[in-house]
Structure formats: C-alpha cells, structure tokens
Amino acid sequence: MGDLNLYNTRTRALERFVPLRERQVRIYVCGLTPSAQAHLGHARSFLFFDLLRRLLTHLGYAVTYVQNVTDIDDRSINRARETGEDWYAIVSGYYADFKSAMRRLGVMEPDAEPYATKFIPQIQAMIRALIERGHAYAVEDGIYYRVSSFPDYGKLSNRNVEELQAGARIDVDEHKDDPLDFALWKFAKPGEPKWAFEPYGDGRPGWHIECSAMSHALLDPEGVGFDIHGGGADLIFPHHENEIAQSEPLMAHPPMANVWLHGGLLNFDGRKMSKSLGNFEPLTDLLARHDPQAVRLTFLPTGYSKVMNFTEESLAASNVTLARLKKTYRRLATVEAREPAADARVLLPKVEAALCNDMNTAVALAELLSWAPEPSAHARYEFERALWLLGIEPTPAWLEEPKLELPSDLTARLQSELGDELALDGVAPEEAIARAIAHRTAARANKDWAASDRLRDALARCGIAIKDSKEGTTWTVAG
RNA sequence: GGCGACGUAGCCAAGUGGUAAGGCAGGGCUCUGCAAAAGCCCCAUUCGGCAGUUCGAAUCUGCCCGUCGCCUCCA
C-alpha cells in the first residue's frame with residue numbers, strides 16, 4: 001500500500017504522513033459549540049474527519065480520535081438570559097440533536113468527547129502556567145493572552161501582527177492591553193455561570209484555551225505534540241492560531257500538532273452556510289427529508305478542502321447513485337465474501353490510492369462507480385470494503401427492493417378508472433391490483449393489446465407501474 | 001486594505017506540464033405486441049479572458065475580468 005499524503009496547513013504543502021509514534025495516530029478535531037442547531041456545513045466537516053479515521057484505520061494505524069464539545073459560550077448564556085431557560089439545558093438539547101444526526105449519518109463515535117466544563121482544573125492550570133511565564137495577564141474583566149509575547153503568532157494563518165493590529169479594535173467593555181490579545185478567562189457578571197478560580201476571580205473559560213488544555217490532557221500530556229489537528233477552514237484564524245500561541249510556549253517540543261487539516265466550508269445560495277447568516281436548514285430537518293447515506297454521498301465528489309455549494313439537485317443525483325450502489329450490492333449479496341490475495345484485487349487498490357492522495361474521494365467514488373463487478377467472492381469483499389472506506393455502509397434494508405406505500409384509496413380509484421370493465425367489490429388494494437393484472441394477462445393472451453394497454457394505463461394513473469417478463473407480470477408503486 | 005480559495009459540458013465536479021475522470025440531466029440502440037425494467041453506446045478539438053514560458057499548458061508566469069471566504073462568534 002502506498003504512502004498517505006495530506007495537505008498540511010501549517011507547512012502549506014502536500015506531505016507524506018508520518019505518525020509521531022509507530023503505528024499510532026492521535027487526532028484532535030474542534031467539535032461543535034451547541035448554542036444553536038447544527039447544520040449541513042458542520043456535518044461536512046465531521047464527515048470528512050470520519051473518512052480520514054476510516055482510511056487510517058484501514059491502513060493499519062491505531063487511531064485515537066478526540067472531538068471536543070464547547071458546552072459553555074457567550075451565545076448560549078445570552079440565549080438563556082433572553083428566554084429564561086437554563087443555559088445548560090439549551091446546550092444539552094442542541095448537542096443531543098447533533099449526536100443523533102451524526103449517528104444517522106454513520107459517523108463513528110469519537111474515542112473521547114471532552115466537554116469544556118469537565119476540564120476546568122486543567123484549563124486553570126494552563127492559564128496559571130501562562131501567567132507565570134509572562135504570556136498572560138489579569139485585568140478588570142478577565143484574563144488575557146498577550147499576543148506580543150509569542151513571536152510565532154500569525155504563522156499558521158499567514159498573517160502578520162502589524163496588519164492585524166491596524167484592522168483590529170477593542171470592544172468598549174474589554175480592558176485588554178492590545179487589540180489582538182484574547183480572553184483566556186472571563187470573570188462572571190451577576191447571574192452568569194461561573195467556576196471558582198483563586199486568586200483571580202470566578203468566571204468561565206474562553207473558547208480557545210479549552211482546546212489547548214483538553215488536547216494536552218488527552219493526547220499529549222508530555223508536551224511533545226500530537227499528529228493531526230483538524231477543524232473547519234473558518235477556525236484557522238483566530239481559533240487555531242490562538243491554540244498554538246497558548247500551547248507551544250508550554251511545550252517541551254513544539255509544534256503542538258504535526259499536521260493541521262482544514263475542511264472547506266459549505267455554501268448555500270452562494271454564501272457561507274452559517275449560524276450568523278441564518279441561511280441553513282437544521283441538520284435534523286434535512287435528515288428527515290433525505291436518506292442520510294445520500295447526504296453523505298453528496299460530499300464525495302468535491303475535494304474536502306474546497307468550498308462546496310450545496311443544492312437540492314446534487315442531493316437528487318446522490319439518491320440515484322445510492323440506488324445504483326444498492327443494486328450492485330444486491331447482485332453480489334448471494335456470493336460469499338472472501339478476502340482476495342493482495343495481488344488479485346482489482347478495485348480496492350484504486351480506491352486506496354485515490355484516498356491516499358490527500359483524501360481524493362471524488363476519484364475513489366468514480367473508481368467505484370465505473371467498476372463493473374463480476375459476481376465473485378472477492379468482488380463482494382472489495383466492494384464492501386470500498387463502501388466502508390467511503391462511509392457508506394450497507395444495511396439489511398439494502399437487500400430489499402425499494403417498496404413504497406400503497407395509497408389507501410387505491411381500490412376505489414382503480415374501480416373508477418376501470419368502470420364496469422372489472423368489478424373489484426371493494427377488495428384490498430393488493431387484491432384489486434392482482435385482479436386487474438389477471439384480467440390484462442387474459443387480454444394479452446388473446447392479443448387484445450387495446451384492452452391490455454387500457455388496463456396498464458389505468459393502473460399507471462393509480463400510481464402502479466407494471467413490468468412484464470418471461471416469469472409473468474409484476475408491479476411496483478411508482479416513485 | 002491585508003491574506004487566501006475558486007472560475008472545466010445544461011448542472012455538480014476530478015484532473016496541477018504529456019494531449020479532458022465520474023455523476024446528474026439529455027439522446028440512440030438491443031430486448032419487448034407496445035411499454036417498463038435491464039444491458040450497451042453517444043454526449044467538452046476544449047478548460048473565465050489576453051499575453052508569455054515550453055517540443056508540449058486546463059495545469060507554470062504576468063496582467064485583466066468575475067465569484068466566494070478569513071481578517072469579529074462560527075465546522
């Protein structure tokens with residue numbers, strides 16, 4: 001199997017991936033801030049990291065995947081104040097919805113899912129260390145990170161501090177020394193959730209410090225760095241820049257993460273799908289309208305790092321593609337799945353090669369779709385393995401022909417279509433269809449094509465599609 | 001203003017120096033009494049525009065046009 005190459009934001013280059021520890025990969029991905037409903041854009045990002053996990057696992061690595069939950073932030077506190085609800089009830093509700101959407105999409109569970117409010121001691125320890133080393137200072141409203149104390153600030157996002165300062169401004173209620181300085185700890189105003197922090201003052205952590213503290217606690221207690229840090233492209237600045245500024249001065253051997261991976265954002269109507277713009281359909285609603293596997297499939301033709309425009313048309317195309325995959329699966333279902341020798345494989349090596357080339361899912365999917373399987377044991381093995389790598393896992397329902405609900409008033413409708421040609425006597429819909437088909441079969445035997453077509457058209461107007469074959473006539477509910 | 005991404009068929013898109021993947025839509029054929037289903041086949045002399053480098057450019061360079069993102073909470 002070839003090398004895995006990934007585009008590293010930190011070095012701005014495509015690099016061969018080499019884990020820091022033999023056969024082991026540690027990944028930290030910035031998770032959700034559940035202060036509002038999650039949308040498809042969030043899903044795109046997490047779906048990508050799910051595929052990366054699958055590939056790394058397939059390549060034989062032991063993967064540790066950590067994805068945090070920012071369960072405390074200004075937005076949820078503000079919402080609580082406006083609605084009178086408990087802020088934690090808001091956050092828990094949105095997060096539960098998100099988790100269930102992820103399950104429906106077939107995203108693997110993280111190995112650890114740290115909540116910011118469960119890591120307050122670790123966060124405070126890091127803030128203390130930063131203050132001791134002159135990287136942070138406390139003022140009236142909170143504790144801030146002093147950006148000027150970290151010479152590498154701006155390296156990840158390719159920005160220079162002078163230009164940033166020119167464009168930045170300090171909000172009236174902030175008391176920091178420099179516009180670029182950011183909050184590590186916010187002192188609580190009356191009624192706000194708070195945690196004790198001696199001797200500085202009760203309050204809550206800032207967003208950036210939680211990721212530094214939790215990735216350190218869970219992936220890199222030695223301070224020598226972990227393998228992959230990921231998130232959406234909108235997190236590069238300032239979030240990831242700030243994480244580096246917080247973590248690296250305290251580390252024995254920077255960098256904080258060897259590879260930084262960023263997923264491209266999702267547009268809707270040509271604009272970034274986002275909470276603030278409000279141009280999105282909640283993930284939960286979208287998944288109620290569409291097959292989650294088709295939703296997953298929709299992301300595969302576009303490179304993960306590129307901006308992608310979401311349309312209902314692309315989803316419709318995915319539904320067709322999914323039906324094709326199911327059909328192939330059904331054709332192969334009767335053969336035994338047996339792992340072929342490495343040199344006998346015809347599909348998997350192509351899929352692997354595509355994914356190893358900076359996660360080129362478009363080519364991987366194209367290989368799968370243009371591959372015409374011979375129904376053999378190893379074809380089934382390779383097909384199922386390829387599907388798993390692309391995150392589309394067959395379910396028992398894949399084995400069934402698609403069946404839709406019969407309209408309840410079908411007998412009556414069919415009777416009115418047929419008039420006195422055939423008496424249906426208000427029988428069950430299935431029986432009514434069977435009688436109509438039997439009547440048509442008799443007409444066909446007499447080469448009475450007019451009667452035959454009349455019956456077929458009547459059934460069609462009732463939403464029943466007919467298929468003639470050597471074995472007889474079958475019907476399905478038209479989609 | 002700074003930094004960055006993108007512009008490939010009707011639509012979604014892959015391809016980053018060697019002569020345009022794949023999907024959707026569309027069209028044709030086989031089969032069929034006719035259909036349906038299935039299978040097979042066709043569908044960009046051309047990659048936003050102009051100039052340049054090169055034996056060779058969608059791919060590299062320069063300029064121009066257009067779209068979007070980050071620079072403030074955001075996957």
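A, B, ... follow the sequence lines: proteins, then strands. Residue 1 opens every chain.
No engagement by Lys447(A) is indicated, since no non-hydrogen atom pair under 4.0 Å with the nucleic acid exists. Nucleic acid contact for His239(A): none, since no nucleic acid atom lies under 4.0 Å from a heavy atom of the residue. If you check every strand for non-hydrogen atoms under 4.0 Å, Ile236(A) touches nothing. Nucleic acid contact for Gly263(A): none, since no nucleic acid atom lies under 4.0 Å from a heavy atom of the residue.
Among residues at least two apart or in separate chains, ring-ring contact (aromatic ring centres under 6.0 Å, His included) pairs with a member in residues 290-324 of chain A are Phe48(A)-Tyr304(A).
Side-chain contact between Phe150(A) and Glu248(A) is present, with heavy atoms from C-beta onward closer than 4.5 Å. Asn258(A) is not listed as a side-chain neighbour of Asn8(A), based on a closest heavy-atom distance of 4.5 Å or more.
Here Arg271(A) does not reach the OP1 or OP2 of U67(B): none of its side-chain N or O atoms lies under 4.0 Å away. Lys350(A) has no side-chain polar atom (N or O) that falls below the 4.0 Å cut-off from OP1 or OP2 of A21(B). Between Asn158(A) and G4(B) there is a side-chain N or O to OP1 or OP2 distance below 4.0 Å. Regarding contacts with the backbone of C68(B), every side-chain N or O of Asn309(A) stays at 4.0 angstrom or more from both OP1 and OP2. Checking the phosphate oxygens (OP1, OP2) of C70(B), a side-chain nitrogen or oxygen of Lys272(A) falls inside 4.0 Å. Taking 4.0 angstrom as the limit, Arg324(A) places a side-chain polar atom (N or O) nearer than this to OP1 or OP2 of G23(B).
For the C1' atoms, the distance from U54(B) to G48(B) is 23 Å, rounded to whole Å. Remark: the separation of the C1' atoms in U46(B) and G15(B) is 14 Å, to the nearest Å. Atom name P, nucleotides C42(B) and C24(B): the rounded distance is 15 Å, in whole Å. The gap from the P atom of G66(B) to that of C60(B) amounts to 22 Å, rounded to the nearest Å. Atom C1' of U8(B) sits at a distance of 13 Å from the matching atom of U16(B), rounded to the whole Å. Distance check on atom P: G26(B) versus A37(B) gives 12 Å, rounded to whole Å. Here the separation of A13(B) from A51(B), taken at their C1' atoms, is 29 Å to the nearest Å. Here, G23(B) and G39(B) have their P atoms 13 Å apart, quoted to the whole Å.
Salt-bridge formation is detected for the pair Arg444(A)/Asp468(A): a Lys NZ or Arg NE/NH1/NH2 atom is positioned less than 4.0 Å from an Asp or Glu carboxylate oxygen. Between Glu374(A) and Arg380(A), no side-chain nitrogen of the basic residue sits less than 4.0 Å from a carboxylate oxygen of the acidic one, so the salt-bridge criterion is not met.
Geometric assessment of Lys326(A) against the ring of Tyr329(A) yields a negative cation-pi assignment under the 6.0 Å and 45° thresholds. Judged by the 6.0 Å and 45° rule, Arg54(A) forms a cation-pi pair with Trp388(A). In this structure, Arg53(A) satisfies the cation-pi test against Tyr65(A), with its NZ or CZ atom closer than 6.0 Å to the six-membered ring centre and inside 45 degrees of the ring normal.
Rounded to whole Å, the distance from CG on Asn279(A) to C1' on G69(B) is 13 Å. Rounded to a whole Å, the CH2 atom of Trp371(A) is 18 Å from the C1' atom of A21(B). Between Phe237(A) atom CZ and C70(B) atom P there is a gap of 13 Å when expressed in whole angstrom units. Rounded to a whole Å, the NE2 atom of His262(A) is 14 Å from the C1' atom of A5(B). Nucleotide G7(B) holds its C1' atom 14 Å from the CG atom of Asn267(A), rounded to whole Å. Nucleotide C70(B) holds its P atom 16 Å from the CG atom of Leu156(A), rounded to whole Å. Nucleotide G23(B) holds its P atom 16 Å from the CD1 atom of Ile392(A), rounded to whole Å. Nucleotide A5(B) holds its P atom 11 Å from the NZ atom of Lys306(A), rounded to whole Å.
In this structure, Trp185(A) has its ring center at least 6.0 angstrom away from the ring center of Tyr144(A). Taking the ring centroids of Phe98(A) and Phe46(A), they lie under the 6.0 Å cut-off.
One N or O on the side chain of Ser149(A) and one on the backbone of Arg146(A) form a donor-acceptor pair closer than 3.5 Å.
No side-chain donor-acceptor contact under 3.5 Å links Ser76(A) and Ser35(A). Ser157(A) and Glu241(A) form a side-chain donor-acceptor contact under 3.5 Å, judged by distance and modelled atom types alone. Side-chain atoms of Gln165(A) and Asp178(A) form a donor-acceptor pair, as typed in the model, at a separation below 3.5 Å.
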**OP:** Quick one, give me the B/S/- string for nucleotides 32-37 of chain B, reading 5' to 3', where B means a protein heavy atom under 4.0 Å from the base and S means that only happens at the primed atoms, P, OP1 or OP2.
**Re:** -BBBBS
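Contacts with RNA chain B (heavy atom under 4.0 Å) in residues 291-304 of chain A: Pro301(A), Thr302(A), Gly303(A), listed by number. Near RNA chain B, meaning a heavy atom under 4.0 Å from it, residues 311-321 of chain A has Ala317(A), Val320(A), Thr321(A) in order of number.
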Do any side-chain atoms of residues 360-369 of chain A form donor-acceptor pairs under 3.5 angstrom with protein atoms, and if so which ones, sequence neighbours left out?
| unit_1 | atom_1 | unit_2 | atom_2 | d |
| --- | --- | --- | --- | --- |
| Asn360(A) | OD1 | Ala362(A) | N | 3.3 |
| Asn360(A) | OD1 | Val363(A) | N | 3.0 |
| Thr361(A) | OG1 | Leu300(A) | O | 2.7 |

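With RNA chain B read from its 5' end, the first of the two nearest nucleotides for Ser274(A) and Leu164(A) is the one closest to Leu164(A).
When the nucleotides G22(B), G2(B), A75(B) are ranked by their closest atom to the side chain of Ser45(A), A75(B) comes out on top.
The base of C73(B) sits within donor-acceptor range of the side chain of Arg75(A), with an N or O pair under 3.5 Å.
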**OP:** Please report the C-alpha distance between Lys186(A) and Asp74(A) in whole Å, then the side-chain angles of each, then the deciding distance to 0.1 Å, and finally whether the salt bridge (charged side-chain N to carboxylate O under 4.0 Å, His left out) criterion is met.
**Re:** CA-CA 10 Å; Lys186(A) 299 178 179 183; Asp74(A) 291 357; 2.9 Å; yes
Original post:
ring pair (Phe, Tyr, Trp, His ring centres under 6.0 Å) between His208(A) and His240(A): does it pass, once the steps are laid out?
Top reply: CA-CA 8 Å; His208(A) 314 297; His240(A) 289 163; 9.5 Å; no
Subject >> Dot-bracket summary - RNA chain B, pairs being Watson-Crick or G-U whose distances fall under 3.5 Å, with | when paired to another strand >> reply: ((((((((.[[[..)..(...]]].(((((.......))))).....[[[[[..)....]]]]])))))))....
